[in-house]
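What follows is one structure encoded as structure tokens, with my remarks underneath.
The basis for the numbers below is simple: all heavy atoms, side chains too, and nothing from hydrogens, waters or symmetry mates.
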Amino acid sequence: GIGTGGFQSVWAEFPVLENMTGFRPDMALSAHSGWIGALAENGIPGILLLLAFVLSFAATGYRKRRQGLLPFGLFVTVALGLGLISENFVMRGYMLFVAGATVVLHRETHRSRSESQ
């Protein structure tokens with residue numbers, strides 16, 4: 001990959017821009033996809049880490065299926081995976097969604113730790 005956060009600067013230097021109407025070399029453009037951005041900036045390791053992160057919600061839901069969290073874990077995985085097709089992960093809505101889902105999926109873990117102290 002070109003390095004985390006390097007998409008805009010490399011895109012600005014891309015030679016094809018000179019032949020495209022509507023684009024200027026000084027335009028700051030993003031990848032417009034979390035999956036493509038991760039692949040372009042971080043290569044195969046980056047896309048695998050992002051995939052593992054997205055799948056971790058389904059895996060946690062599966063581990064906590066007795067508490068009824070499998071459908072929620074699958075929902076979060078599908079919603080985040082599909083959302084990253086058309087948007088970058090840096091949007092505030094995704095961050096809040098992931099933070100809330102993490103709290104819901106791990107609420108028993110935190111409760112049991114605090115009760116044992």
Side-chain angles (χ1 to χ4, degrees):
I2 56 177
T4 303
F7 186 89
Q8 290 181 348
S9 61
V10 171
W11 175 256
E13 298 170 4
F14 202 66
V16 174
L17 286 178
E18 296 169 5
N19 300 327
M20 296 175 71
T21 53
F23 289 105
R24 296 183 322 270
D26 61 337
M27 289 178 75
L29 299 173
S30 64
H32 295 290
S33 170
W35 297 111
I36 298 302
L39 187 59
E41 292 181 357
N42 304 111
I44 300 297
I47 196 80
L48 291 177
L49 284 172
L50 182 58
L51 180 63
F53 175 71
V54 171
L55 292 175
S56 72
F57 294 97
T60 302
Y62 179 77
R63 281 195 313 272
K64 298 191 174 205
R65 65 189 176 277
R66 289 193 176 111
Q67 295 148 349
L69 292 174
L70 179 59
F72 181 72
L74 290 172
F75 167 73
V76 173
T77 294
V78 169
L80 189 57
L82 290 175
L84 289 173
I85 290 173
S86 62
E87 297 289 340
N88 276 328
F89 187 70
V90 294
M91 293 188 58
R92 227 177 258 154
Y94 287 120
M95 291 182 196
L96 292 173
F97 177 64
V98 167
T102 302
V103 169
V104 169
L105 288 169
H106 294 283
R107 68 177 180 246
E108 295 298 321
T109 304
H110 295 298
R111 212 178 281 153
S112 63
R113 284 184 188 166
S114 63
E115 290 172 359
S116 66
Q117 293 177 351

Approximate separation, where rounding is to 0.5 Å, of Trp35 CH2 and Ile47 CD1 | 6.0 Å

With sequence neighbours excluded, what pairs up with Arg65 under the side chain to side chain donor-acceptor pair (under 3.5 Å) test?
-> none

Same apolar cluster: Leu70 and Val104, side chain cutoff 4.5 Å | no

If you look only at pairs with a residue in residues 50-61, which of them pass as a side chain to side chain donor-acceptor pair (under 3.5 Å), with sequence neighbours excluded?
-> Thr60-Arg63

Hey, could you give me the CG/CG distance between Leu50 and Asn42, rounded to the nearest 0.5 Å?
-> 9.0 Å

Kindly work out whether a path of hydrophobic side-chain contacts (I/L/V/M/F/W/Y, heavy atoms less than 4.5 Å apart) joins Leu49 to Leu84.
-> no

All side-chain contact (heavy atoms from CB on, under 4.5 Å) counterparts of Leu48, not counting sequence neighbours = Ile44

So which heavy atom on Lys64 is nearest to which on His106, and how close?
-> NZ-CA, 3.9 Å

Can Leu55 be reached from Tyr62 by stepping across I, L, V, M, F, W or Y side chains whose heavy atoms are under 4.5 Å apart?
-> no

So, for Val98 and Phe57, which heavy atoms are closest and what is the spacing to 0.1 Å?
-> CG1-CZ, 3.6 Å

Please list, one pair per line, the donor and acceptor atoms closer than 3.5 Å that link side chains of residues 74-82 to other protein atoms, with sequence neighbours excluded.
unit_1, atom_1, unit_2, atom_2, d
Thr77, OG1, Val54, O, 3.0
Thr77, OG1, Ala58, N, 2.9
Thr77, OG1, Gly73, O, 3.1

